[in-house]
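Just so you know, ligand 1 is whichever comes first in the structure, and atom 1 is the first atom listed for that ligand.
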Amino acid sequence: MFFSKIDNPIGLDLSDLSVKLVQLNRKGPGLELSAYADVSLPGGLLEHDLIQNREALVDYLKRVFSNKDSHKGKFAGRSIVASIPESKAFVRVINLPSLMPEELVTAVPIEAEQYIPLPIGEMQVDWQVVARSDAGLQVFITATPKSYIEELLSVFSDAGLVVQSIEAESAAIVRALLKKSDNPPGTLILDMNASRTSFILYVANSIQFTSSIPMAGNALTDAIAQRLKLNKTEAEKIKRHYGISSYSLPGEKVSPETATTISEVVIALEPVLNNLYDEMKNTIKFYEEHNLSGTSGAVIQEIIICGGTSKLPNLSEYLQGKIQADNEFSRRGIKVSLGDAWRNIIENGPPPFSQREALSYTTALGLALRNYEIS
Ligand SMILES: Nc1ncnc2c1ncn2[C@@H]1O[C@H](COP(=O)(O)OP(=O)(O)OP(=O)(O)O)[C@@H](O)[C@H]1O
Ligand SMILES: [Mg+2]
């Protein structure tokens, strides 16, 4: 959804537990990051992407912008590009016969109605033709409850923000991490946050399908807290330090106590990571078996992880190892890697923070990048 065109709007990634802001500027032939912020949200404002306390959320958003101590760099203006969370955006590619653009206006909602679990009249439906062939059109649709969008827009407006556009967060993540011109192979992106992990299936140069589960970094911290009998702050520290390590860290001499801690952390994390792995595998199998893209056989060849939880030390290596040890997947040569949210942004000079740190800002960076893609 596109409302007005104002230069360099701020990418604003609002979720249950944090607000992240990113602003980009043109610099020479490329772009630079001129300001960013990551502010945690107190509980009770948003839950499972639903607004629980509207007034408090408006106040908090105002404070996020006025409290300059939490900003790196200086934000200009109050124009934003915002995202619709995976749980609220129904995203799918549908096949249609070769129609004229004016015919699509009526055909898309009628066709979309078959796939959308809610009455089409209550949904805001956006679409984009992603492929044309003799067989017809492939159309990427996003459907979101109108009431949800209206509520979100009114919150932003009351917080003094001007919404330039709002889009599915999966679209922002794909914009940040992939390059269409590279013709990426079939890819599954895992966006792992604190309360939620989203799965984005990208095949044949388009998002095909997305889903999400309420399991991510918090579940890992809780598992460590429980197993090692620690409070959440201590467990969080241990999680970030050891991650899902092998028993000795490279270059580190390990005392017997540390070795015990490391193995206890692995024991705590494995059940949660196994669940995540199973969900990931089911997502890939569901997609491939239902032939959702119209292609047959195995299509996913790459897995890219992003979001704060993807910074867990050794996570990509761990997932790669699980794939190699899995009879169903081991022969397919699926590659697991960390997302690089700088690849479409910084074209000259070093980025202001590492590729690893940028994993937390993937959605916000993708939202801010939208302005430069459509201009
Ligand atoms: N170095 C690290 N190692 C492991 N986990 C980390 C690391 N840094 C951050 N995390 C985890 O990342 C999560 C926060 O990620 P992110 O900022 O993407 O989510 P959020 O926006 O706060 O949550 P949500 O989107 O679910 O509301 C937390 O669970 C945190 O523990
Ligand atoms: Mg978030």
How about Phe199 and Phe209: are their ring centroids closer than 6.0 Å?
no
Shortest protein heavy-atom distance from atom 29 (O) of ligand 1, along with the residue and atom involved
Gly217 CA, 3.4 Å
Just distances here: any N/O of Pro313 and N/O of ligand 1 closer than 3.5 Å?
no
Looking at ligand 1, would Arg356 count as a contact under a 4.0 Å heavy-atom criterion?
no
Looking only at heavy atoms, which two atoms of Leu367 and Gly11 are closest? And how far apart?
CB-CA, 3.8 Å
When you measure from atom 15 (O) of ligand 1 to every protein heavy atom, which one gives the shortest distance, and what is it?
Gly308 CA, 3.2 Å
Please state which protein non-hydrogen atom is closest to atom 28 (C) of ligand 1 and give its distance, to 0.1 Å?
Ala194 CB, 3.8 Å
Which heavy atom of the protein is the closest neighbour of atom 30 (C) of ligand 1, given with residue, atom name and distance?
Glu236 OE2, 3.3 Å
Closest protein heavy atom to atom 13 (C) of ligand 1, given as residue, atom name and distance to 0.1 Å:
Thr309 OG1, 3.7 Å
The protein heavy atom nearest to atom 21 (O) of ligand 1 is Ser18 OG, 2.6 Å
Go through it in stages, so that I can follow the logic: the residues are Phe75 and Tyr36, the test is ring-ring contact (aromatic ring centres under 6.0 Å, His included), and I'd like the CA-CA distance, side-chain angles, deciding distance and then a yes or no.
CA-CA 8 Å; Phe75 288 103; Tyr36 60 98; 8.3 Å; no
Note the single closest protein heavy atom to atom 2 (C) of ligand 1, along with its residue, its atom name and the distance in Å.
Arg240 CG, 3.5 Å
Closer than 4.0 Å to some heavy atom of Leu312 - which atoms of ligand 1 meet that?
3 (N), 4 (C)
